[in-house]
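As structure tokens, the structure follows; a few thoughts come after it.
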2 protein chains.
Amino acid sequence: MKYSEAKEKYIQAWGTLGSSWGVNRTMAQIHALLMISTVPLSTEELMEELKISRGNTNMNVRALMDWGLAEKVLVPGERKEYFKADKNIMNIGVQVAKERKRRELDPIIKLLNDITLVEGDTAEVKEFRKVTKDLQKFATQTESVLDLFIKSNQNWFFKILGKLR
Amino acid sequence: MKYSEAKEKYIQAWGTLGSSWGVNRTMAQIHALLMISTVPLSTEELMEELKISRGNTNMNVRALMDWGLAEKVLVPGERKEYFKADKNIMNIGVQVAKERKRRELDPIIKLLNDITLVEGDTAEVKEFRKVTKDLQKFATQTESVLDLFIKSNQNWFFKILGKLR
DNA sequence: ATAAACTTTCAATAATATTTGAAAGTTCAA
DNA sequence: TTGAACTTTCAAATATTATTGAAAGTTTAT
């Protein structure tokens, strides 16, 4: 396979994957590009490579930085900002786990904590309490697993799991 | 908190959570409703409760069945179809893990297997190979974890992880 | 202070995804 | 068969989300 073809497929696939994980396509594609680049890239270079506008580029680069997946690089003697991505896949995984936990799991747990307290003794309400308590338990367990993953550095998490197989 | 309020919040939250996980809001809400219902629900009941059209209801109920999250219930003497959801949260987790693995992870692993074979010895291509191989490794490890989770019945998975904390 | 180089914002537009609802299709009892 | 009861389809309408690009904002060298 030619490099140009492989690269195209890779960026395309990363974008698609991003979409089905609540990350917008462009953000994922910028990330994909930064991941394989040997040098930090400027806004212009990202615009050119992905054929996207300046505004879009700026917006999504900032989103990537919010997610802790990219950072600014200042090149001495240059006014322009360059961007690079952390290439350590484990760090990326941890970072994504951390952010999604904060943005999605934590609010749901908070909500479940509230609504499981609903009062009443009709069959309907009893069932509601039962189901939401189960969900609460599951969410809390998931939280523990994520915390374990987030705290464990390097490959520790996978190594342990590998032994269980 | 009143039951009606708790129920509303729960359905709303489940819909939002669905959206950020690549599942459409309505599908998630139907699932939420079926989860807390003490009896199977008909298309009409779902339409009424969620204020959605017949077509939408039909489409999303079928999607839920595709995901293995709901099933038809035939009530003797009734022409109408009723639907119920599996309420075992572990089964749901396993089902979702299984489907997403099949729909998303498997294709990405396949792609990575292809593109890591890109030939060339420029710095660019070498970096590309390095990054994609790392991703491949990570994806494969993730796959193992998911398989472990999918195969482990009941709470085994969480129990084991709990001990590691 | 000025202006060039650069970044950010945001209203307008475009692209995408979801929803509707009426028509077509199916099933089944009579 | 027929027609009532029910399900499915899908083109059109609506809602949501992403993108553009020009204007406004910022920074820095002189």
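Keep in mind that what you see is a predicted model, and the values were worked out from it rather than measured. All values below come from the heavy atoms of this structure, side chains included, with hydrogens, waters and symmetry mates left out. The chains referred to below are lettered A, B, ... by the order of the sequence lines, with proteins before strands, and numbering in each begins at 1.
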Inset, instruction - Go through D/dT19, D/dT7, C/dT7 for me and flag the one nearest to the A/K80 side chain. - result: C/dT7

Identify the pairs formed between an N or O of the protein and an N or O of nucleotides 24-28 of chain C at a distance under 3.5 Å, and give each distance.
from, atom 1, to, atom 2, distance (Å)
C/dT27, O2, B/R79, NH2, 2.7

Inset, instruction - Report yes if a side-chain nitrogen or oxygen of B/T43 is closer than 4.0 Å to either non-bridging phosphate oxygen (OP1 or OP2) of D/dC6; otherwise report no. - result: no

Legend entry - Face-on cation placement of B/R103 at B/W67 ring, 6.0 Å and 45° thresholds: yes

Legend entry - A/K87 bridged to B/E127 by N-O distance under 4.0 Å: yes

Legend entry - Inter-residue atom distance A/K126.NZ - B/Y3.OH, 0.5 Å rounding: 13.5 Å

Inset, instruction - Measure the distance from CE on A/M47 to P on D/dA22 and round it to the nearest whole Å. - result: 11 Å

Legend entry - A/R25 to A/W14, cation-pi by 6.0 Å centre distance and 45° axis angle: no

Legend entry - Between C/dT16 (P) and A/R25 (CZ): distance, integer Å: 8 Å

Inset, instruction - Check the distance between D/dT17's P and A/N60's CG and give it to me in whole angstrom. - result: 15 Å

Report each atom pair, protein N/O against N/O of nucleotides 9-13 of chain C, whose distance is under 3.5 angstrom.
from, atom 1, to, atom 2, distance (Å)
C/dT9, OP2, A/R62, NH2, 3.0

Legend entry - Between C/dT19 (C1') and B/Q29 (CD): distance, integer Å: 13 Å

Legend entry - Connected via hydrophobic side-chain network under 4.5 Å: B/L117 and B/F138: no

Legend entry - Partner set under side chain to side chain contact (heavy atoms under 4.5 Å, CB included) for A/L111, not counting sequence neighbours: A/I115, B/K9, B/A13

Legend entry - Donor-acceptor side-chain pairing of B/D86 and B/Q95 below 3.5 angstrom: no

Inset, instruction - Please state how far atom CG in B/L64 lies from atom P in D/dT8, giving the value in whole angstrom units. - result: 14 Å

Inset, instruction - Using a cut-off of strictly less than 4.0 Å, decide whether B/T26 has a side-chain nitrogen or oxygen near OP1 or OP2 of C/dT18. - result: no

Legend entry - Side-chain H-bond candidate by donor/acceptor type, A/T16 with A/Q12, under 3.5 Å: yes

Inset, instruction - Measure the shortest side-chain to side-chain distance between A/R100 and B/S20 over non-hydrogen atoms and say whether it is less than 4.5 angstrom. - result: yes

